[in-house]
Structures are given as structure tokens and as C-alpha cells.
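It should be emphasised that the depicted structure is a prediction, and the values quoted were computed from it without experimental measurement. Throughout, protein chains are lettered first and strands after them, A, B, ... in sequence-line order, and every chain is numbered starting at 1.
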Amino acid sequence: MEGRSQEFKQRVEKLGRIRESGVNPYPNDFKPDSCLKDIFKDHNGKTKEDLEGMDSCFTVAGRVLAVRSFGKAAFVKIQDRTASLQVYLQRDNLTDIWPIAKKIDAGDFIGIKGKLFRTKTDELTLDAESFTLLTKGLSPLPEKWHGLKDVEARYRQRYVDLMVNPDVREVFRKRTEIIRLIRKYLNDRDYLEVETPMMQHIAGGAAARPFVTHHNALDTDLYLRIAPELYLKRLVIGGFERVFEINRNFRNEGTSTQHNPEFTMLEFYEAYADFEDLMKLTEDMVSGIAQELHGSTKVMYQGTELDFTAPWKRLTIKEAVLEHSDATEEILNDRDKSLEFLREVNPRLPEGWDKLSHGKIIVEIFEAIGEENLIQPTFVTHFPIEVSPLSRKNDKDETLVDRFELICAGREIANAFSELNDPIDQRERFVSQVKEREAGDDEAQPMDEDFLRAMEYGMPPTAGEGIGIDRLVMLLTDSPSIRDVILFPLLKPEAKQESKEQEETQNNKKGKKA
RNA sequence: GGGCCGCUAGCUCAGUUGGAAGAGCAGCUGACUCUUAAUCAGCGGGCCGUAGGUUCGAUCCCUACGCGGCCCA
């Protein structure tokens, strides 16, 4: 109890008095028969007289959000998963339980059975005929008017954030709805939803640093996946011509408003499709989701209108750079001139910058100046082959691949390509990746012999795409940070406030080991 | 990794050339059976992020550290 707030201690004492009076403060046999939203839906149109003529009782349960108490009566606002509703408690109706009912606190859960009426100010209200304490809350709720604002507290104690900030609940409901709509869209197109390994012996399918873990029984290191790509393609090879997976990827990188080390990715693969088909599919799917969610394909994001109405703009990566900088074709078509230009737009380059290939230089230039200027949804195409070891070569220009990135609000939302299905070419690409890895690029992809073995059986012509779900949800819920669309974003652990008992336990453990 | 900003009561926030730490809400006591951020009267509640330093004296100034936010890489 030491270190607890005064109010916490008072509530614990109150809890004790409730128990002494013979009332169980944590019963679990109360069954509501109505949710609050349905009560509004069915009865909010009714007049005072309509309600007086109605004989039906409603049994509801919820968390107490606010109490306005009089001597022998009280108005209490309760909230369930669907809505909030005012309840009227009167001493003369509640008799035995009144002493407890009048002592409830904001944060408690209560159950009420009663009849609907309208107050003098015309608010639909449930007049309690019986009252049941369902859970005593010990920690006080945040301020009723301002709610919980402290960003760190909101992330660390998301449960409190959700209790008191309805707009936060709404964001996460929309997140779930978006994922539901994606599933429906793909299921309707005969895609098969699958699950592939999160723990992999070879972390391939993307350029990123993985987390490492260890399997004790097999005594082997494993990586948390950075992408499901190579497994989903194995499934296409196996005959599942349309597959998708919505699941977590893990990348061992820093956090930002755009990055969380674990994030949710949709990946889908369709045989006999190419990357242009996927552009159409993406336009159709995302604009449809915006329409379902907002009733419009135009969505406000951080003060800017994003127009998801199909078709979306398409630019080659060079066009995107030319459109948003003073670079010229002459510069971009020459490796050394491009490098010089890159140094102007990005003076602080990673180590080994002078050895960058022409293709990588173009991508670096795009990321430095092109990407952030693409606000409306735009497909950026014609990526260089050096940065695309899993993509099919372009038939007309072997330095390019049939790939696009979807950029919106200045950030990458999706990445897709016609899949490389030539096993000989794929092996060569892996070999050059391994060389880059040996040269110090720890994001270059490792050799995956089993994947090659699979591809050697023949993979049908296929296109595949990954869509960052968190970022898509950000755009569709007007959220400025990825942490606003991830229920429990990764934070550093809080400063330890170990109790003496814990300290002793730990010391004992240390002592035993020593 | 670098820069800037923040950390004060359960919550939202004030505050002090460096001189006994404040408000509102929440809480407690009392009044009140139709309130809407209910009202009225009274009361309690603080390691001012942590640790050093400067000082007669530090929540305030300095240093380091921790956590968070934003920006940059």
C-alpha cells in the first residue's frame, strides 16, 4: 500500500466495507440482455408518453463514467462496448442496496435492471429497479473532461486510453474493419488465406535486419521473419495460385512515426497476373475500402485531401525525380553525374556511397527528394534490378524490373512486382546478393537453397504485393503516428520500481546460482 | 546516433531574479430525489522524472542519466 495514492487507499477501504456488508464486489453471474446501442436504436425515437406506456425492463451492464449524486438519488453515466447511457438511481427504488449504490465511483462496473423514461431535459434514461455492483475499481479514472492526454501514458496504459478516449476506440474499430474488408475483397476473388512461418532459418524476402532468437530443443538460432514472401511463393509453386497472408513482420530497426519493429503486412500472390494487374487490383481494393469506411474515395489526412478515386497517377522512378527536382535526364542517365547529384541532395550518405551502382543511386535520389513530394496515391515504376532481387526483369530493358511502389502522403504504402520465376536467374540474383552481403551490406538477402529448389520445379507466372497495413490504416483514420494505430506500440521498459520483495527474490536467485 | 522540447497531486495544467508548492476535475465530510463538466459549504492529497553539483537555501541554475514527443540521419 505504500506509495499508493490517497484515493487508491480510500477505495480499498471502501471495498473492505462492501465485503463486510455481505456484498460480493466481484460477482460473475450477472447477464445483461441488451447493449446500450440497441436501446438507443430501438427507443430513442419514442416520446415520454410512448415510454411510459411501455412495460418492458432492460438489463444492462457497463463501466461507470460519471456520477452526479444527490442525497437520495443519482444520475450515473455508464458505458459498454457499444455506447453510453444515463441511469437513474433512487433510494426508494433500491432500498437495501442503496448504501452501496450511492457510493459507487467512476471506473466501477455496475449492472442495472430498469425501465426507460425521459428526464425533464428529455434525455433517454434507465430508471433502475435493481442495482448490482459488478466490479469495484480501485484506481481513479483520468479527468472526465480532458481525458488522458499524456502520450506515453496513453501508449503504456492503452487500456486507460481506450476507456476514456472514444476517438481512440474508433481508430481501432476502423483498423479491424479495414482488415475485414481486405479479407472479404481477397476471399471474393478466390484467394486462399494462409499462415506461413514467423520463425525462419533464413530471413529472406526483404532488405532488412532481423531479430534473432534461439530454439533450445533443436539448439538452433532462428530469425523472426522480415517478410513471408519466399514461403508464399512456395505455396504458389505448390498449386495455391492465389494466396494471401495478413500477419506480423519483424524488423530490427529503430522506431519512428512510420516504423514499429513489429508491424502488420498484407502479402498476396496471384498466378497469371502481372504487376500492372496488381495496380488495378490495388486501386480497386483501396478505393473500395475508403468508400465503405468514409462513404467517399476522398479522405482527409492531416489537413490534406487524399483522392483514392481510380485510376491513380503512374510515374517511373526517374519521372518522379524529374518532376520534383532540378535533375535532368542527362544527369539521371549517367552514373557518375547521378552520384554527384545525389551528394547534393543528400550530403550524408552511408558508408561505401562512392561504390553505389547506378540503379541504387537512382533509388537513393528518389528516396531523398521524390518520395516525400508524392502526396496523392501514385504508382512509382521502373525500379532498377539491383534493388529488386526477387522481381522479374523488364522485357524491354534488362536493367529494370516489373515492379511498383505505391506512394501516398509521402510514404511507401505498398510494394509489388511481377515475380521472378526463372530459377537460373533467381540463383544468379541470390549469388550477387550474397556478394553484397559479404561486402558489408547486412540488408542484402541470404541464399535460400530450398526456395531455389522449389522454384526449380516451376513457378507459374505470378505477381505479388505487400501492403503495410499500419500505414494504410494511418491514412484512412487520419492518424499522424504509427503508434496511434498499433494497440501496444513498442516502448522502452519503464524505469524499474522494484519492491523490496522482488529485490530479495532476485538476490536469492543470484545467491543460488553463485 | 544528433538536435530541440517535455517530465509538478490520480488526471489536465499553472508557477517561482533562487526564499514555506497552486488551480480545475477526481477524492473525503456535510446539504440536496430530474442532473448534463450538477450545485453549495468544508477538508485532505506532492521524492516538482532520477542522481550529482553550485548556493545560506534548488522544483527553478549547471552536469549526467532515465523515459517520452517531434525533427534530422
Side-chain angles (χ1 to χ4, degrees), chain A residues 1-15 17 48 51-52 64-79 84-95 98 101-108 114 116-128 136-161 163-165 253-260 302 342-343 345-351 353 364 367-369 372 410 479-484 489-498:
Chain A
M1 287 290 279
E2 267 178 49
R4 293 293 195 168
S5 72
Q6 182 189 42
E7 188 167 351
F8 184 91
K9 291 172 192 165
Q10 283 166 343
R11 292 224 198 167
V12 171
E13 283 167 25
K14 197 184 270 189
L15 179 66
R17 288 197 295 273
K48 197 177 181 108
L51 292 173
E52 276 167 11
V64 174
L65 282 189
V67 183
R68 286 183 285 275
S69 178
F70 302 80
K72 299 177 188 65
F75 287 96
V76 175
K77 194 176 184 184
I78 63 169
Q79 169 177 280
S84 60
L85 174 73
Q86 181 167 266
V87 170
Y88 190 38
L89 308 177
Q90 299 179 82
R91 184 193 65 177
D92 296 346
N93 288 350
L94 298 176
T95 58
W98 172 250
K102 80 171 190 180
K103 293 280 190 186
I104 54 165
D105 294 299
D108 293 351
L116 285 171
F117 74 109
R118 282 196 182 277
T119 64
K120 280 180 184 171
T121 50
D122 212 33
E123 180 162 346
L124 189 67
T125 301
L126 196 64
D127 188 11
K136 184 72 200 158
L138 299 180
S139 296
L141 251 39
E143 215 247 357
K144 65 183 170 188
W145 193 240
H146 298 94
L148 184 68
K149 283 191 166 177
D150 181 69
V151 190
E152 185 176 354
R154 286 185 43 227
Y155 295 154
R156 287 198 196 280
Q157 296 184 267
R158 184 68 90 181
Y159 38 91
V160 182
D161 193 26
M163 279 172 219
V164 299
N165 293 329
E253 293 158 3
T255 64
S256 77
T257 51
Q258 311 293 325
H259 299 88
N260 195 64
Q302 302 293 295
L342 173 59
R343 291 193 66 201
V345 296
N346 184 2
R348 288 199 271 180
L349 287 170
E351 216 175 310
W353 57 269
E364 288 274 347
E367 285 175 357
I369 55 171
E372 64 186 10
S479 299
S481 170
I482 199 168
R483 298 179 198 102
D484 296 324
L490 186 70
L491 300 178
K492 284 198 184 184
E494 289 179 88
K496 279 181 193 167
Q497 289 185 322
E498 290 185 351

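- rC70(B) and rC61(B) have their P atoms separated by 25 Å, with the value rounded to a whole Å.
- The side chain of Tyr88(A) approaches rC34(B) more closely than any other nucleotide in the set rC71(B), rC34(B), rA26(B).
- Contact between Ala101(A) and Leu89(A) at its shortest, heavy atoms only, is O-CD1, 4.1 Å.
- Using cut-offs of 30° and 60° for the angle between ring planes, the Phe117(A) and Tyr88(A) rings count as tilted.
- Put simply, CD on Gln10(A) is 11 Å from C1' on rA26(B), counting in whole angstrom units.
- Here, rC62(B) and rC71(B) have their C1' atoms 26 Å apart, quoted to the whole Å.
- Among Arg156(A), Lys149(A), Arg483(A), Arg154(A), the one residue that satisfies the salt bridge (Lys or Arg N to Asp or Glu O under 4.0 Å) test with Asp161(A) is Arg154(A).
- With the nearest nucleotide of RNA chain B identified for both Thr119(A) and Pro142(A), Pro142(A) has the one nearer the 5' end.
- Two residues, Asp150(A) and Gln86(A), neighbour RNA chain B, and the one matched to the more 5' nucleotide by heavy-atom proximity is Asp150(A).
- Rounded to whole Å, atom P of rG69(B) lies 18 Å from atom NZ of Lys149(A).
- Ser5(A) comes within 4.0 angstrom of sugar-phosphate atoms only, judged by non-hydrogen atoms across all strands, and of no base.
- When heavy atoms are screened at a 4.0 angstrom cut-off, Gly254(A) is found touching no nucleic acid atom at all.
- Between Glu13(A) atom CD and rG27(B) atom C1' the separation is 12 Å, expressed in whole Å.
- When all heavy atoms of Asp108(A) and Gly137(A) are compared, the closest pair comes out as OD1-N, 2.9 Å.
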Filtered N/O pairs between nucleotides 48-51 of chain B and protein, under 3.5 Å:
none

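- Rounded to whole Å, the distance from CG on Leu126(A) to P on rC34(B) is 18 Å.
- Taking atom P in both rC72(B) and rA9(B), the straight-line distance is 32 Å, to the nearest Å.
- Taking every side-chain heavy atom of Leu491(A) into account, rG68(B) is the closest of rU35(B), rG10(B), rG68(B).
- Here the closest heavy-atom approach between residue Pro480(A) and residue Gln302(A) is recorded as CB-OE1, 3.5 Å.
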Using nucleotides 37-39 of chain B, report all nitrogen or oxygen pairs with the protein that are shorter than 3.5 Å.
unit_1, atom_1, unit_2, atom_2, d
rA37(B), O3', Lys144(A), NZ, 3.1
rA38(B), OP1, Lys144(A), NZ, 2.3
rA38(B), OP2, Arg68(A), NH1, 2.3
rA38(B), N6, Ser69(A), O, 3.2

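- Leu141(A) comes within 4.0 angstrom of nothing in the nucleic acid, heavy atoms only.
- Across rG24(B) and rA20(B), the matching C1' atoms stand 23 Å from one another, rounded to whole Å.
- Distance noted for atom C1' between rU54(B) and rA64(B): 15 Å (whole Å).
- As a whole-Å value, the separation of His259(A) NE2 from rG69(B) C1' is 17 Å.
- Annotation: the span from Lys77(A) atom NZ to Glu123(A) atom CD amounts to 7.5 Å, rounded to 0.5 Å.
- Atom CG in Asp105(A) sits roughly 17 Å away from atom P in rC25(B) (whole-Å rounding).
- A distance of about 27 Å separates the C1' atoms of rU50(B) and rU17(B), rounded to the whole Å.
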For RNA chain B, what is the dot-bracket line, given that a base pair needs Watson-Crick (N1 to N3, plus N6-O4 or O6-N4) or G-U wobble (N1-O2 and O6-N3) geometry with both distances under 3.5 Å, and | means paired with another strand? (((((((..((((.....[..)))).(((((.......))))).....(((((..]....)))))))))))).

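- In this structure, Phe8(A) reaches neither bases nor backbone, as no heavy-atom distance under 4.0 Å exists between it and the strands shown.
- Here Lys102(A) lies out of heavy-atom contact (under 4.0 Å) with every strand.
- As rounded to whole Å, 16 Å separates atom C1' of rG27(B) from atom CG of Leu15(A).
- Here the straight-line distance linking atom OG1 of Thr125(A) with atom CG of Leu85(A) works out to 7.0 Å at 0.5 Å rounding.
- If you take CG on Leu148(A) and CD on Glu143(A), they are separated by 11.0 Å, rounding to the nearest 0.5 Å.
- Taking atom CD of Glu7(A) as the reference point, atom C1' of rC28(B) lies 9 Å away to the nearest angstrom.
- Lys14(A) has a side-chain polar atom (N or O) that falls below the 4.0 Å cut-off from OP1 or OP2 of rC28(B).
- Under the side-chain contact (heavy atoms from CB on, under 4.5 Å) rule, Ile78(A) has a single partner from Val64(A), Ile104(A), Leu126(A), which is Val64(A).
- For rG44(B) and rA21(B), the P atoms lie 16 Å apart once the distance is rounded to whole Å.
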Please determine whether side chain to side chain contact (heavy atoms under 4.5 Å, CB included) holds for the pair Asp105(A) and Lys14(A), giving the CA-CA distance in whole Å, both sets of side-chain angles, and the decisive distance to 0.1 Å. CA-CA 10 Å; Asp105(A) 294 299; Lys14(A) 197 184 270 189; 2.9 Å; yes

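- Distance check: Asp127(A) CG to Gln86(A) CD gives 11.0 Å after rounding to the nearest 0.5 Å.
- Of the N and O atoms on the side chains of Tyr155(A) and Asp150(A), not one donor lies less than 3.5 Å from an acceptor on the other residue.
- Summarising the geometry of Ser256(A) relative to His259(A), their closest heavy-atom pair is OG-ND1, 2.8 Å, with the distance given to 0.1 Å.
- Using a 4.0 Å heavy-atom distance criterion, Arg156(A) is classed as a sugar-phosphate-only contact.
- In this model, no side-chain donor or acceptor of Gln6(A) finds a partner on the base of rG27(B) within 3.5 Å.
- As rounded to the nearest Å, rC13(B) and rC7(B) have C1' atoms that lie 13 Å from one another.
- Note on Arg4(A): nothing from the nucleic acid sits closer than 4.0 angstrom, heavy atoms only.
- Separation of atoms CG (Leu65(A)) and CD (Gln79(A)) is listed at 4.0 Å; rounding is to 0.5 Å.
- Here Lys9(A) lies out of heavy-atom contact (under 4.0 Å) with every strand.
- Residue Arg483(A) places at least one side-chain N or O under 4.0 Å from the OP1 or OP2 atom of rG69(B).
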